[in-house]
Amino acid sequence: AKGVVPNRGNPGRDHDFIHTFTPGLRLNAGDAATRQSGYFDANYDLAVTRFTDYTGSDAIDHNGKIEFGGKLNRLAVSVSQALVSASDADAAALAANGRVKRKTWTTDVGLAYDVSEKATLGLDLNQTIGDYQAPLVDSTDRSAGLWLDHQVLPKVKMGLGAVMGYLDVDGAGNPNSSYQQGLLRLAWSATEKMTIRAEAGFEHRNVQAAG
């Protein structure tokens, strides 16, 4: 039912039927399952959102990721590039069914070296670019993390990590910030096909604000 019926439902709210279709495609080659040797893995999906009444809120978004890497002796390398897009309702233009487009580009480079049979030293490099339509603000987040993982039990791996990063925000008056993180993560191989992961830590952030 479109519109608001007096004395019924929630005043100020409209109703609609929303349909979402997400067809996708995945291509891979090599050891894409375990990543213990050379591999290539790519996927893409199309997110189509359709409104029955408020067709002005319809949206089409594209999401994809490409990853490749491999392992040579004790050193494993991985490189990935991902795009996630979304269409959010613009609170300032809801009456006109307005939407704000946002895209997030994520680049990851990972290095892992097996120090011993139970210990692994890793380096993670990340860049996340937020490409937003006005009135949202673009930003770029770059970070580097150093990890030491240890097999504490046959099915449990524990890791300690330290991360340093910098957030660059576009536009005058929008402060940038630098940050440092201390992290602890656990990975429990509950079954052959399922791993349960948990992560906790703290962050110290220095916001370069004026005034």
Is the closest side-chain donor-acceptor distance between [X] and [Y] under 3.5 Å?
X	Y	result
Asn126	Thr128	yes
His62	Tyr44	yes
Thr22	Asp45	no
Ser87	Asp61	yes

Are [X] and [Y] side-chain neighbours, meaning at least one heavy-atom pair lies under 4.5 Å?
X	Y	answer
Ile18	Thr49	yes
Ile60	Leu46	yes
Trp105	Gln81	yes

Once rounded to the nearest 0.5 Å, what's the spacing between atom [atom1] of [X] and atom [atom2] of [Y]?
X	Y	atom1	atom2	answer
Ser80	Lys65	OG	NZ	4.5 Å
Tyr113	Lys71	OH	NZ	10.5 Å
Gln181	His204	CD	NE2	12.5 Å

_Ser143 vs Tyr179, test: side-chain contact (heavy atoms from CB on, under 4.5 Å). Steps then yes/no._
CA-CA 9 Å; Ser143 65; Tyr179 58 91; 3.5 Å; yes

Distance-only donor-acceptor hits, side chain of residues 156-171, under 3.5 Å, sequence neighbours excluded:
residue, atom, partner, partner atom, Å
Tyr166, OH, Asn176, ND2, 3.4
Tyr166, OH, Gln208, OE1, 3.4

Test of understanding: clusters of I, L, V, M, F, W, Y form through side-chain heavy atoms closer than 4.5 Å, transitively. Do [X] and [Y] belong to the same one?
X	Y	value
Trp147	Leu111	no
Leu184	Leu153	yes
Phe51	Val48	no
Ile129	Val137	no
Leu148	Leu183	no

*Start with the C-alpha distance between Arg185 and Asp149, add both sets of side-chain angles, then the distance that settles side-chain contact (heavy atoms from CB on, under 4.5 Å), and finish with yes or no.*
CA-CA 9 Å; Arg185 64 186 182 188; Asp149 293 286; 2.8 Å; yes

*Identify the residue among Leu121, Val115, Asp114 that makes a side-chain contact (heavy atoms from CB on, under 4.5 Å) with Arg74.*
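For Arg74, the side-chain contact (heavy atoms from CB on, under 4.5 Å) check succeeds only for Asp114.
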
*asked:* Going by side-chain hydrogen bond (donor to acceptor under 3.5 Å, both in side chains), name the residues that satisfy it together with Thr195, two or more places apart in sequence or in a different chain.
replied: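 Result, side-chain hydrogen bond (donor to acceptor under 3.5 Å, both in side chains) vs Thr195: none returned.
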
Do the side chain of [X] and the main chain of [Y] share a donor and acceptor less than 3.5 angstrom apart?
X	Y	value
Asp31	Gln36	yes
Ser189	Thr191	no
Gln127	Thr140	no
Asn63	Ser85	yes

*Assess whether atom CZ of Arg50 is packed by more than 12 heavy atoms of other residues, nucleotides or ligands within 6.0 Å.*
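Yes, CZ of Arg50 has more than 12 neighbouring heavy atoms, counting only those of other groups under 6.0 Å.
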
*Inspect the surroundings of OH in Tyr39 and state if more than 12 heavy atoms from other residues, nucleotides or ligands are less than 6.0 Å away.*
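More than 12 heavy atoms, drawn from other residues, nucleotides or ligands, come within 6.0 Å of this atom.
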
*asked:* If you apply the rule side-chain contact (heavy atoms from CB on, under 4.5 Å), what do you find for Arg26 with Asp41, and how did you get there?
replied: CA-CA 8 Å; Arg26 181 178 182 183; Asp41 198 359; 2.6 Å; yes

*Search all heavy atoms of Leu83 against all heavy atoms of Lys103 and return the closest pair with its distance.*
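Looking at all heavy atoms of both residues, the closest pair is CD1-CB, 3.9 Å.
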
*Identify the two heavy atoms, one from Arg102 and one from Tyr132, that lie closest to each other, and give their separation to 0.1 Å.*
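Result for this residue pair: CB-CD2, 3.1 Å.
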
_Taking side-chain contact (heavy atoms from CB on, under 4.5 Å) as the definition, give me every residue that meets it alongside Ala144, ordered by chain and number, with sequence neighbours left out._
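If we apply the side-chain contact (heavy atoms from CB on, under 4.5 Å) test to Ala144, skipping adjacent residues, the hits are Leu125.
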
